[in-house]
Amino acid sequence: LKKVKKQKVLLMGKSGSGKSSMRSIIFSNYLARDTRRLGATIDIDLSHVKFLGNLTLNLWDCGGQEAFMENYLSQQRAHVFSNVGVLIYVFDIESRDVDRDLATYVNILSALVQYSREAQVFVLIHKMDLIQPQMREEVYNQRVSLVRKKTKEAVAIVRKQKPELLQQQQPPGTPGSTGPLSPSSSELDIDLQVFATSIWDQSLYKAWASIIHDLVPNLAVIETQLASLGVAIDADEILLFERTSFLVVSKWTSREGENNPYGDRFERMSNILKSWKHTCSKFTGTPRNAEQFSDFEYKMGPSFSLFVMKFTTNTYILVCIPPGEARFNSAKL
Ligand code: GTP
Ligand code: MG
């Protein structure tokens, strides 16, 4: 029996931080420039995204205007924050009121920890394109350390108010544990990952691929099988893309392939194939979501060849192999 897995994903952050923009680009084939036309989200915009057959993402795009945020934290608290698999919290790097943004983040996180203690948290420091390139790393690092500090604070708040909720984190007899209010265990509860993102480059794909990677069930099985396939056809690298989003859900790299100096090649490919798909639909006049290309080939003289083709109902496969016509054709076969 195939187990169907549903994951509730909350997309939150201040109004205008770019939540609906990223959702539309990743899942609805918007181009970055199309997002300028998006209006503010009213209350919560729900969508369901199917992944690899047996994973469904229930994406809750939560409008970030203050009145809505207050409502999520009060009247809708249990409804919004129960059974959450993942919280994606978006910060606008250009925001003028950082303190206020962080205070809201703490409130949201406290509610999350209270109702969905196991949830994973991804923080996206977004609109990084608006920061001058030479300043980006510094600005990003500063923001990350603030966010980490606030994350601990949020956990501490819940500990204080509702210590019984967190009591099972460490069995009472564990060495070094002095009970639920012990400051040393205050980081235990939140599994936090932070990314710098922008809709204007491939950084968005890197962040979302990582989020998705952590959600797909049975990924270990898929990865083992990709490795067997890779060895059988003598490939340098194999990527598995989800069909609509072109996010890399799984990959395998040979030892030779590990020498590839382009560390961002995965998200770059997502970005390139997304554009390719767009271009195809322009020529054929099909609606954006319907168009699926069947084949993409690229031969880089004596260095490498690659092809991308439909693989399963929900995936495309990219195979990168050493040059040679015979090898290419048999791998494809
Ligand atoms: P609410 O629905 O009100 O909560 O806002 P939201 O977070 O959904 O914001 P939305 O996605 O509607 O984006 C607001 C504006 O930010 C749009 O004009 C986008 O084009 C712009 N935007 C989104 N992402 C980026 C980015 O990475 N860089 C820049 N420069 N602008 C962005
Ligand atoms: Mg929105």
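Whatever order the structure lists ligands and atoms in, that order sets their numbers, starting from 1.
- The pair R143-E138 does not count as a salt bridge, with every side-chain nitrogen at least 4.0 angstrom from each carboxylate oxygen.
- Here W60 and H79 bring their ring centres to under 6.0 angstrom of each other.
- Between D214 and Q120, the side chains place a donor N or O and an acceptor N or O closer than 3.5 Å (distance only, hydrogens not considered).
- Annotation: A40 places no N or O atom under 3.5 Å from an N or O atom of ligand 1; distance criterion only.
- Comparing heavy-atom distances from atom 15 (C) of ligand 1 across K127, R33, R36, M22 singles out K127 as nearest.
- At the shortest separation from atom 14 (C) of ligand 1 among protein heavy atoms lies G16 O, 3.7 Å.
- Those atoms of ligand 1 that come under 4.0 Å of a heavy atom in G63, given as number and element, are 4 (O).
- Set against the non-hydrogen atoms of G64, the atoms of ligand 1 under 4.0 Å away are 1 (P), 4 (O).
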Would you tabulate the side-chain donor-acceptor contacts of residues 318-333 under 3.5 Å, counting partners in other chains and residues two or more places apart, or write 'none'?
{"unit_1": "E325", "atom_1": "OE2", "unit_2": "K299", "atom_2": "NZ", "d": "3.1"}
{"unit_1": "R327", "atom_1": "NH1", "unit_2": "D234", "atom_2": "OD2", "d": "2.4"}
{"unit_1": "N329", "atom_1": "ND2", "unit_2": "E325", "atom_2": "O", "d": "3.3"}
{"unit_1": "S330", "atom_1": "OG", "unit_2": "A326", "atom_2": "O", "d": "2.8"}
{"unit_1": "S330", "atom_1": "OG", "unit_2": "R327", "atom_2": "O", "d": "3.2"}
{"unit_1": "K332", "atom_1": "NZ", "unit_2": "D295", "atom_2": "OD1", "d": "3.3"}
{"unit_1": "K332", "atom_1": "NZ", "unit_2": "D295", "atom_2": "OD2", "d": "2.8"}
{"unit_1": "K332", "atom_1": "NZ", "unit_2": "E297", "atom_2": "OE2", "d": "2.4"}

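- Between Y316 and F311, the gap from one ring centroid to the other reaches at least 6.0 Å.
- Looking at R23 and D45, a side-chain N of the basic residue comes within less than 4.0 Å of a carboxylate O on the acidic one, giving a salt bridge.
- Salt bridge R255/E258: absent, no basic N to carboxylate O contact under 4.0 Å.
- Distances from the Mg ion (ligand 2) under 2.8 Å pick out these protein N/O/S atoms: S20 OG, T41 OG1.
- Counted by atom type alone, K14 and S95 present one or more donor-acceptor pairs between their side chains at under 3.5 Å.
- Side-chain contact check for Y105 and T151: at least one donor-acceptor pair (N or O, by modelled atom type) lies under 3.5 Å.
- In this structure, R23 has no heavy atom closer than 4.0 Å to ligand 1.
- One option in S17, C62, S21 has a heavy atom closer to atom 19 (C) of ligand 1 than any other, and that option is S21.
- Short contacts between ligand 1 and S198, defined as distances under 4.0 Å to a heavy atom of the residue, involve ligand atoms 27 (O).
- Of all the heavy atoms of T197, none lies under 4.0 Å from any atom of ligand 1, so neither backbone nor side chain is involved.
- Judged purely by distance below 3.5 Å, without hydrogens or angles, the side chains of D92 and H126 never pair a donor atom with an acceptor atom.
- Across I199, D201, I25, heavy-atom proximity to atom 26 (C) of ligand 1 is greatest for I199.
- Any N or O atom pair closer than 3.5 Å counts here, and S15 shares at least one such pair with ligand 1.
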